[in-house]
Amino acid sequence: MTIKLNQTEAVSMATAIKAGETTAEILINKCLEQIYENNRTLNCFTAITTESALNAAKQIDRDISQGKNPGLLAGIPFAVKNLYDIAGLTTLAGAKINAENPPATQDATAVTKLKKAGAILVGALNMDEYAYGFVTENSHYGATPNPHDLSRISGGSSGASAAAVAAGLVPITLGSDTNGSIRVPASLCGVFGFKPTYGRLSRAGVFLFASSLDNVGPFARSVRDIATVYDILQGSDTRDPVCTKRSPESCLPQLKQDIKDLRIAIADGHFAQGGEPEVFTAVEQVAEVLGVTQRVTIPEADRARAAAYIITAAEGANLHLDNLRIRPQDFDPATRDRFLAGALIPADWYIQAQRFRRWYQSSVKEIFNDVDIILAPTTPCIAPLLGAEKMTINGEEVLVRPNLGLYTQPLSFIGLPVLSVPIRRINGLPLGVQIIAAPYNEALVLQVAAVLEFEGLTTEVK
């Protein structure tokens, strides 16, 4: 059986391996071959775990031959953003400074869980330094271009995590999302990117950026793969005190094409302005397929974005104060300058931002008394050009880095579960639409996404 990594679902590949139609070793060898062949151009991987991956593949094949259950994702290659601990590798978090640290002694919880499910780690992925950015243009480790157009960015800070899936190098990756760092690159690269409810998945063994905002989550090319990885990663973890004690809830049984009882609305106001016309067209495409006409206004979303910036900058700078004082020259200049600005934010600004956060959370909660799902653009435009400091959106010139999170930041600010769904665009660069729900309603998000996939709205960009 011939398996193409850029065309086949991870779950389907695992089923084929367990059925003896192919082997984990064949699949991993093919995966590694593609990584080595393409990484010089795409610059997705900062480390490739060749030896351990091949050893793991051989063990999976032995287990299958002995009648053992190798796990739901038996033999499936995956990779993680290089802020996840990988035993034996130094956790870079995109930083030159971190390269001086000793290797991690154990895997991050998320890595451990995927391995226990039979998935095979093949490497670590490039990112913006310390996850502070939306572009994955790293002064230490280079830029990761967009696989659909190498002259454009892949987004960030989990840009290589999205690009590796979009390019077909691996079917599953893990990233992190503070203000949109999963959803923005998912949109620009044309893949699914999922940010679950804040605290739903363990961040243990992940180098944090802004603790009160940070999430981990998967990228994939299908809803079923996203749901499968999410199910595997659920569960409380004593290593991460933020990780909820809430019981895991499988989303896989919810992937059905019946959403007639769901109350779905389009976000207007902040989410219906500031972007190129094509991003709103994508939302309307989704609304038409779902039969949605209702609109809702999320109040003060622009202030939520500003407050999120204050909290992000202050918490992020606080983690790096010592190095900012004694070795500022060793930071990526773009990261350093924003951290220095964050270090100067008055304490009362941070307190006021947290107070506003509580009010905003309560206001959005009231909206979800009347609707189950909200639709909004993911990014205000297609991928900007590599190296561009500014971009023109709807006739107005704006800065790239702060504005790519225009529609993602007000949502992660209060920990909502959101999936960026790639929308079919013939002869156009990718764009995503956000499917948003109230906290802990991941199953509803994935159910709606499954309908869009079934209706053919999420097919690959041509």
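These values consider heavy atoms only, across backbone and side chains, with no hydrogens, waters or symmetry-generated copies.
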- prompt: Considering residues, nucleotides and ligands other than Glu288, do more than 12 of their heavy atoms fall under 6.0 Å from its CD?
  reply: no

message: Can you tell me how far apart OG (Ser176) and CG (Leu201) are? Round to the nearest 0.5 Å.
response: 12.5 Å

- prompt: Do Pro185 and Phe219 come close enough that some side-chain heavy atom pair is under 4.5 Å?
  reply: yes

message: For Tyr132, does the six-membered ring have the charged nitrogen or CZ of Arg338 within the cation-pi criterion, i.e. under 6.0 angstrom from the centroid and within 45° of the normal?
response: yes

message: In terms of relative ring orientation, are Phe331 and Tyr130 parallel, tilted or perpendicular, with 30° and 60° separating the classes?
response: tilted

- prompt: What class does the angle between the rings of His320 and Phe207 fall in, given that below 30° is parallel, 30 to 60° is tilted and above 60° is perpendicular?
  reply: parallel

field: salt_bridge(Arg424, Glu455) N-O dist < 4.0 Å
entry: no

field: Validation row: Ile264, Leu375 side chains within 4.5 angstrom (heavy atoms)
entry: yes

task: Report yes if some heavy atom in the side chain of Ile382 is under 4.5 Å from a heavy atom in the side chain of Arg425; otherwise report no.
output: yes

- request: Please test Leu125 against Val80 for side chain to side chain contact (heavy atoms under 4.5 Å, CB included), starting from the C-alpha separation and ending with a verdict.
  value: CA-CA 6 Å; Leu125 299 161; Val80 298; 5.6 Å; no

field: Atom of Gln294, atom of Val296 and distance for their closest heavy-atom approach
entry: NE2-CG1, 4.0 Å

query: With distance as the sole criterion, is a donor-acceptor pair present between the side chains of Arg224 and Ser12 under 3.5 Å?
result: yes

task: Using atom types as modelled and distance alone, determine if a side-chain donor or acceptor of Arg203 lies under 3.5 Å from a backbone N or O of Ser211.
output: yes

query: Between Ser420 and Lys195, is any side-chain donor less than 3.5 angstrom from a side-chain acceptor?
result: no

query: Is there a donor-acceptor contact under 3.5 Å from the side chain of Glu137 to the main chain of Ala143?
result: no

- prompt: Passes salt bridge (Lys or Arg N to Asp or Glu O under 4.0 Å), Arg183 versus Asp177? Steps please.
  reply: CA-CA 8 Å; Arg183 291 159 289 155; Asp177 190 308; 2.9 Å; yes

- prompt: If we ignore angles and hydrogens, is there a donor and acceptor under 3.5 Å between the side chains of Thr312 and Asn179?
  reply: yes

- request: Look at the side chain of Thr136 and the backbone N and O of Gly155, then say whether any donor-acceptor pair between them is shorter than 3.5 Å.
  value: yes

Side-chain donor/acceptor of Asn441 to backbone N/O of Leu444, under 3.5 Å: no

query: Under 30°, 30 to 60°, or over 60°: which ring-plane class applies to Tyr407 and His270, parallel, tilted or perpendicular?
result: perpendicular

message: Tell me the closest heavy-atom pair linking Asp237 and Cys243, and the distance in Å.
response: N-SG, 3.9 Å

query: Is there a donor-acceptor contact under 3.5 Å from the side chain of Thr379 to the main chain of Cys381?
result: yes

message: For a 4.5 angstrom cut-off between non-hydrogen side-chain atoms, does Leu42 reach Leu169?
response: yes

message: I need the minimum non-hydrogen distance between Pro417 and Ala438, along with the two atoms involved.
response: CG-O, 3.3 Å

message: Under 3.5 Å, is there a donor on one side chain and an acceptor on the other for Glu9 and Ser222?
response: yes

- prompt: Does a side-chain heavy-atom distance below 4.5 Å link Phe78 with Val122?
  reply: no

- request: Could you grab the distance from atom CD of Glu278 to atom CG of Leu429, nearest 0.5 Å is fine?
  value: 8.5 Å

- prompt: Just by modelled atom types, is the Thr392 backbone N or O under 3.5 Å from a matching donor or acceptor in the Glu397 side chain?
  reply: no

message: Is there a side-chain contact between Glu453 and Phe192 in this structure, where contact means two heavy atoms from C-beta onward sitting under 4.5 Å apart?
response: yes

statement: Between Leu446 and the options Leu255, Asp231, Leu252, the side-chain contact (heavy atoms from CB on, under 4.5 Å) test singles out Leu255

message: Check whether Asn126 reaches the backbone of Gly142 with its side chain - one donor and one acceptor, N or O, closer than 3.5 Å.
response: yes

message: Nearest 0.5 angstrom please: Asn323 CG to Phe339 CZ, how far?
response: 10.5 Å

message: Side chains of Thr408 and Gln434: any donor to acceptor distance under 3.5 Å?
response: no

- request: Would you please say whether a donor-acceptor pair under 3.5 Å links the side chains of Glu315 and Ser212?
  value: yes

- prompt: Is there a donor in the side chain of Ser236 and an acceptor in the side chain of Arg246, or the other way round, less than 3.5 Å apart?
  reply: no

- prompt: Salt bridge between Asp370 and Arg263, side-chain N to carboxylate O under 4.0 Å?
  reply: no

message: Strictly below 4.0 Å, N to O, side chains only: are Arg152 and Asp149 in salt-bridge contact?
response: yes

message: Between Asp128 and Ser157, is there a side-chain donor-acceptor contact under 3.5 Å, judged purely by atom types and distance?
response: no

task: Answer yes or no: does atom CH2 of Trp349 have more than 12 heavy-atom neighbours from other residues, nucleotides or ligands under 6.0 Å?
output: no

statement: Smallest heavy-atom separation, Ala163 atom then Thr144 atom, equals CB-CG2, 3.8 Å

message: Looking at Glu389, I'd like to know if its CD atom is crowded, meaning that more than 12 non-hydrogen atoms belonging to other residues, nucleotides or ligands lie closer than 6.0 Å.
response: no

message: Closer than 3.5 angstrom, by distance alone: can the side chain of Arg357 be matched with the main-chain N or O of Ala307 as a donor-acceptor pair?
response: no

message: side chain to side chain contact (heavy atoms under 4.5 Å, CB included), that's the test. Do Ile226 and Leu419 meet it? Break it down for me.
response: CA-CA 9 Å; Ile226 288 284; Leu419 177 68; 4.3 Å; yes

Shortest non-hydrogen contact from Ala308 toward Leu213: O-CD1, 4.2 Å

message: Let me confirm one number: the OG-CD1 distance from Ser250 to Ile232, rounded to the nearest 0.5 Å.
response: 10.0 Å

- prompt: How are the rings of Phe356 and Phe413 set relative to one another: parallel (under 30°), tilted (30 to 60°) or perpendicular (over 60°)?
  reply: parallel

- prompt: Tyr360 side chain to Pro410 main-chain N or O, any donor-acceptor pair under 3.5 Å?
  reply: yes

field: Met127 side, atom CE; Cys44 side, atom SG - distance, nearest 0.5 Å
entry: 14.0 Å

- request: Locate the shortest heavy-atom distance separating Glu249 from Tyr230; write the atom from each residue and the value.
  value: O-CE2, 4.3 Å

Spatial distance of atom OG1 (Thr178) from atom CD1 (Ile311) [nearest 0.5 Å]: 12.0 Å

- request: Evaluate the criterion side chain to side chain contact (heavy atoms under 4.5 Å, CB included) for residue pair Asn146 and Ile153; output intermediate values, then yes/no.
  value: CA-CA 5 Å; Asn146 194 308; Ile153 65 170; over 6 Å; no

message: Quick one, Ile423 with Val283, criterion side chain to side chain contact (heavy atoms under 4.5 Å, CB included). Give me CA distance, side-chain angles, the key distance, then yes/no.
response: CA-CA 9 Å; Ile423 301 305; Val283 175; over 6 Å; no

task: With the side chain counted from C-beta on, respond yes when Ser363 and Glu366 share a heavy-atom pair under 4.5 Å apart, and no when they do not.
output: no

- prompt: Any donor-acceptor pair under 3.5 Å linking the side chain of Asn82 with the backbone of Ala124?
  reply: no

query: Would you say the side chains of Ser161 and Lys81 form a donor-acceptor pair under 3.5 Å?
result: no

message: Is the shortest side-chain heavy-atom distance between Thr91 and Asn101 below 4.5 Å?
response: no

